[in-house]
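Written out below as structure tokens is the structure these notes cover.
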Amino acid sequence: MNVADSEVVMGIMHSQGYRITRQVSQADVILVNTCSVRENAEQRIFGRLGHYRRYKHQNPGIVIGILGCMAERLRSKLMEEESVVDVVVGPDEYRKLPGLVESAAKGTRGIAVKLSRVENYDDIVPLRTEGICAWISVMRGCDKFCTFCVVPFTRGRERSRSVANAVREVGELSARGFKEVTLLGQNVNSYHDGEHDFADLLASVAGVDQSVRVRFTTSHPQDMSDKLIETIARYDNICNYIHLPVQSGSDRILGLMNRTYSSEHYRNLVKRIKSTVQNVSLSTDIIAGFPTETEDDHRMTLNLLEEIRYDGAFMFKYSPRENTPAFEMGNSIPDEVKVRRLNEIIELQQRISRENNQALVGRNVEVLIEGESKKSKEAWTGRTDTNKVVVFPRENTEVGDYVRVKVSSATSATLFGEPTNVLAGRPSGTTERAAIVFPDSAQSVQDRIDR
Ligand code: SAM
Ligand code: SF4
């Protein structure tokens, strides 16, 4: 979501004559897009501001801006306590950025953090700088109010872009050679543009260009309709991959989280998805150590992971966020207990991911080539439609090709293989089930805990 927002910001600044540099030392304006979901994301930004203070010291004319959720949440604190910050701009006020930056360059610091009920940045052309995969924000905000979450407070109420606009954007991306789009929203299942629901949007986007893969995230288990599940099944270029955060396997904890579904509802939903979408791959989000979580509650989460056998998961230690209802419940689970439970969850999920991946050795998967492998210039990396990273020798293939790869080995994070043939430029929908690997999944357990 923040990558997509940063591209909107770059689009706005670029249209006003600014150029983008990846060298901080060359920048006249440094804009930091922030996340408030967990405390250590915010701590990292404070650390980074210390670093930028050096550049400001060398060149006092530099303008430094804090954007996004932290700007919204900590507005006056940032202005009052961080003299290095010139501009503070919340997620719905990016149109004001050029004006605020200009004033700051003349010495007047500025703040704009009002939340909007309508802002969608529909007419802004995001500046996408690399790759063949694009993020497309189709809705903003969230109305769910899970008790642990700051998003409804930092990003405001739900609002959707129109189908027509999203379809136009996908058409333009396809014409520019993009091969994959991911439709984004905090809860895409509640997308509605007044006329069309998310299944309609997905079908329309999938119809734009058969050679463009369509992904979406995030789905909320309460709002996932049968119509949506059937739509995913119907289109070859809609990826057979659903990120379906469960958060906990305990009904008592789900109630305290205000997730509005029971574990039974979730299990039944998964059954419907698996019986409708062939070879579907599922991933989830888990929070360990929510207030009052008992060993029994924790065991129910482990049991659910064993039962569903997700291909991947984002796993987090509960982070108390001020002004959320869960904050009032106290932070009752000691940190060492949270860490131990999180470790147990991560270790179990890694074993399941590895087993799911190793079951693919000897089989063929269809991969969209995205670029050079980080470890070798001679190898490509790409993903299956099940969002699985695959690394294989380049041979006579190019970025943007769909290639069939025979899997020769697998870790919990990556499939390795040999290309067998290049496919005719479009997803065939025949990708076999693969475990998902997230970009950070090779990190150590401690890294993940820190996140
Ligand atoms: N809207 C999406 C949903 O409901 O699944 C996810 C958005 S949230 C930014 C991403 C994930 O961060 C959540 O699914 C949850 O697991 C985690 N998260 C949110 N608030 C958290 C908190 N206070 N502590 C730990 N993890 C949190
Ligand atoms: Fe946060 Fe819940 Fe909304 Fe997701 S659905 S953004 S976890 S409030």
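Quick caveat, the model's predicted, so the values are computed rather than measured. As the structure lists them, so they are numbered: ligands from 1, and atoms in each ligand from 1. Note that the numbering runs from 1 along the sequence shown for the chain.
Close N/O approach between Arg38 and ligand 1 is found [any backbone or side-chain N/O within under 3.5 Å]. The distance criterion of under 3.5 Å between nitrogen or oxygen atoms is not met by Ile287 with respect to ligand 1. Where the criterion is an N or O separation shorter than 3.5 Å, residue side chain and backbone included, His220 fails it with respect to ligand 1. At a 3.5 angstrom cut-off on N or O pairs, Ser319 counts as close to ligand 1. Between Ser219 and ligand 1, a contact under 3.5 Å exists for no N or O pair.
At the shortest separation from atom 25 (C) of ligand 1 among protein heavy atoms lies Lys317 O, 3.4 Å. The protein heavy atom nearest to atom 1 (Fe) of ligand 2 is Cys149 SG, 2.3 Å. Atom 3 (C) of ligand 1 has Thr218 CG2, 3.8 Å as its closest protein atom, hydrogens excluded (heavy atom only). Of all protein heavy atoms, the one lying nearest to atom 16 (O) of ligand 1 is Gln247 OE1, 2.7 Å. In this structure, atom 6 (S) of ligand 2 lies nearest to the protein heavy atom Gln186 OE1, 3.4 Å. Remark: minimum distance from atom 20 (N) of ligand 1 to any protein heavy atom is reached at Phe148 CD1, 3.3 Å.
Side chain to side chain, Arg168 and Asn165 meet the donor-acceptor criterion of an N or O pair below 3.5 Å. Gln186 and Lys144 form no side-chain donor-acceptor contact under 3.5 Å, judged by distance and modelled atom types alone. Checking Ser262 against Asp251 by side-chain atom types alone, no donor-acceptor pair falls below 3.5 Å. Between the side chains of Asn356 and Asp311, a donor-acceptor pair is found at a separation under 3.5 Å. Between the side chains of Asp5 and Asn33, no donor-acceptor pair is found at a separation under 3.5 Å. Side-chain contact of Ser250 with Ser248: a donor-acceptor pair under 3.5 Å is absent, judged by distance alone.
The closest donor-acceptor contact from the side chain of Asp385 to the backbone of Asn240 lies under 3.5 Å. Without hydrogens or angle criteria, Asp193 side chain to Val163 main chain gives a donor-acceptor distance under 3.5 Å. Proximity of a side-chain donor or acceptor of Ser174 to a complementary backbone N or O of Val170 within less than 3.5 Å is not detected. Panel note: side chain Asn120, backbone Asp122; no donor-acceptor pair is recorded below 3.5 Å.
Between Tyr55 and His51, the ring planes are perpendicular. Angles over 60° get that label, and only those under 30° would be called parallel.
Using a 4.0 Å heavy-atom cutoff, Arg259 is listed among the residues neighbouring ligand 1. Heavy-atom distances between His243 and ligand 1 stay at or above 4.0 Å for every pair. In this structure, Arg259 counts as a contact residue of ligand 2, since one of its heavy atoms falls inside 4.0 Å of the ligand.
Within the 4.0 Å cut-off (strictly below), no protein heavy atom is located near atom 8 (S) of ligand 1.
Taking a cut-off of under 4.0 Å to the non-hydrogen atoms of Lys144, the atoms of ligand 2 that pass are 3 (Fe), 5 (S). Each of the following atoms of ligand 2 lies closer than 4.0 Å to a heavy atom of Pro152: 8 (S). Within ligand 1, counting atoms from 1 as listed, the ones closer than 4.0 Å to a heavy atom of Arg321 are 23 (N).
Using a cut-off of 4.0 Å between Lys/Arg side-chain N and Asp/Glu carboxylate O, Arg351 and Glu355 are scored as salt-bridged. Salt bridge Arg383/Glu370: present, at least one basic N to carboxylate O contact under 4.0 Å. Looking at Arg340 and Glu295, a side-chain N of the basic residue comes within less than 4.0 Å of a carboxylate O on the acidic one, giving a salt bridge.
Residue-level proximity to ligand 1 for Phe316 is carried by the side chain, the only part with a heavy atom below 4.0 angstrom. The proximity of Lys144 to ligand 1, defined as any non-hydrogen pair under 4.0 Å, does not occur for either the backbone or the side chain. Neither the backbone nor the side chain of Pro245 has any atom closer than 4.0 Å to an atom of ligand 2 (non-hydrogen atoms only). Contacts with ligand 1 closer than 4.0 Å are made by heavy atoms of both the backbone and the side chain of Gln186. For Val37, heavy-atom contacts with ligand 1 shorter than 4.0 Å involve the backbone as well as the side chain. Under 4.0 angstrom from ligand 2, there are no non-hydrogen atoms of Asn187. Only the side chain of Pro245 comes within 4.0 Å of ligand 1, judged by heavy-atom distances.
Which of Phe145, Phe148, Phe153 comes nearest to atom 7 (S) of ligand 2 through a heavy atom is settled by distance: it is Phe148. Between atom 10 (C) of ligand 1 and the options Leu244, Thr284, Asp285, the minimum heavy-atom separation is to Asp285.
At least one N/O/S atom of Cys146, from backbone or side chain, sits under 2.8 Å from atom 2 (Fe) of ligand 2. Distances from atom 1 (Fe) of ligand 2 show that Cys142 has no N/O/S atom below 2.8 Å.
Here the closest non-hydrogen pair linking Gln210 and Ala206 is NE2-O, 3.8 Å.
When the shell of 6.0 Å around NZ of Lys227 is examined, it contains more than 12 heavy atoms from other residues, nucleotides or ligands. More than 12 heavy atoms of other shown residues, nucleotides or ligands fall within 6.0 angstrom of atom CZ in Arg109.
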